[in-house]
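Everything quoted here is computed from the prediction, not taken from an experiment.
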Amino acid sequence: MVSDKKLVQEVTGWLKVFDDGSVDRTWTGPPEARFMTEPVPPHHEFKNGVATSDVIIDPTSGLTVRIYLPEKKPGDEDKLPVLLHFHGGGFCVSQADWYIYYHTYTVLAIRARVICVSVYLRRAPENRLPAACEDGYSALLWLQCVAKGQSKQSWLHSHADFTRVFLIGDSSGGNLVHQVAAVGGKMQLSPLRLAGGVMIHPGFVRSERSKSELQQEDSPFLTLEMVDKFLKLALPVGSNKEHPITCPMGAAAPPISDLKLPPLLLCVAEKDQLMDTEMEYYEAMKKGGKDVELLINMGVGHSFYLDKIALLTDPHTAAQADHLIAGITDFIKNH
């Protein structure tokens, strides 16, 4: 039987949306890059120093997290800090078990000596914003329930230091770090404590193109087509890029000075098309009296550290990724 459904939107390489509401996320970019978008099954045994487990944290909604537990080493603390991770993908593609995140967060768990809890976020257009933010809040509240002993998770119960919980997000996941931290600042989270947040190349934008958007070249993980089309599919109907989730430093967002936020590390890349709006956010945070640190990677673009091919073939990219992991590790150790 021949389907008569029609293509209504396409993001080259990543996404096709049809008139019946169905979405095809089959990778159609370069075949040699396909492996980076493929899921890695969980493994409860330690492989290369890390064990992983997928855990349903809300049986009603099916909300799930992937936990990365580093193998204990001599000199480790009895309890390890927790990273609550929000993946990127323009709110529309990717998921917590993709190879790009598996590789990155196994490395970070080992290097920083942390437990990573990565959320399988709902994606647009089936679930427009603020759905992903709500998943982030739910995951944080689940961690609080585990800390209180109200929910059971043996790895976290045995190994997690709930007084040192950090939020971390890649690209659009960095936007969620700000949103979840702002909500967390209004909540009584004890015995859990939000110790900090790490935003890696957050997807902060303005309706008007920035200088860096106009001047920087497209990169494997970010093009202007992706920015425009993903956000059109993801933002609430009738909203534009000035929405508080994509522009937390804008007039439509709550004043930053009024927010109770933990210390934050903002990671930017010199050749990122979003660098100007990320730096606008940084300046707004400083002006608002917030504790924010800046880490800049030179000569690389958006989400460069996720590109396994570049990490293997380009020494500069590999060195900058090492610098990024070291900076995040230091931030965690200092908080």
Between the main-chain N or O of Ser303 and the side-chain N or O of His201, is there a donor-acceptor pair closer than 3.5 Å?
yes
Could you tell me whether a side-chain N or O of Thr64 sits under 3.5 Å from a main-chain N or O of Ile56, the two making a donor and an acceptor?
no
Please confirm whether the backbone N or O of Ser190 pairs with a side-chain atom of Gln188, one donor and one acceptor, at under 3.5 Å?
yes
Is Glu225 reaching over with its side chain to a backbone N or O of Thr12, donor-acceptor style, under 3.5 angstrom?
yes
Got a donor-acceptor contact below 3.5 angstrom from the Arg66 side chain to the Ala96 backbone?
no
With hydrophobic residues grouped by side-chain heavy-atom distances under 4.5 Å, do Val65 and Leu189 end up in a single group?
yes
So Gln273 and Leu224, do their side chains get closer than 4.5 Å, heavy atoms only?
yes
Is there a side chain to side chain contact (heavy atoms under 4.5 Å, CB included) between Tyr137 and Gln179? Walk through the geometry before answering.
CA-CA 9 Å; Tyr137 310 147; Gln179 297 299 319; 4.2 Å; yes
Distance-only side-chain donor-acceptor flag, Asp97 / Gln95, under 3.5 Å:
yes
So, Tyr281 versus His178, ring centres under 6.0 angstrom or not?
yes
Given ring pair (Phe, Tyr, Trp, His ring centres under 6.0 Å), test His43 with Tyr102 step by step and report yes or no.
CA-CA 11 Å; His43 49 87; Tyr102 176 82; 5.7 Å; yes
Would you check if the side chain of Asp19 reaches a backbone N or O of Lys6 as a donor-acceptor pair within less than 3.5 Å?
yes
Within the distance-only criterion (no hydrogens, no angle test), does the side chain of Glu213 pair as donor or acceptor with the backbone N or O of Leu274 below 3.5 angstrom?
no
Answer yes or no: is there a side-chain heavy-atom contact under 4.5 Å between Met249 and Phe204?
yes
Give a yes or no on whether the backbone of Leu80 and the side-chain of Glu77 come within a donor-acceptor separation of less than 3.5 Å.
no
Looking only at side-chain N and O atoms, does Asp58 offer a donor or acceptor that is under 3.5 Å from a partner on Ser61?
yes
side-chain contact (heavy atoms from CB on, under 4.5 Å) partner of Leu108, chosen from Val198, Ile328, Val50
Ile328
If I compare all heavy atoms of Lys148 with all of Pro191, which pair ends up nearest, and what's the gap?
CG-CD, 3.5 Å
Aromatic contact, His335 with Phe166 (centres under 6.0 Å)
no
Between Ser151 (side chain) and Cys145 (backbone), is there a donor-acceptor pair under 3.5 Å?
no
For the student: nearest non-hydrogen atoms of His85 and Tyr101, plus distance
CE1-CD2, 4.0 Å
Test your reading of the model: is there a side-chain donor-acceptor pair from Arg123 to the backbone of Ser94, 3.5 Å cut-off?
yes
Which heavy atom of Ala139 sits nearest to which heavy atom of Leu84, and what is that distance?
CB-CD1, 3.9 Å
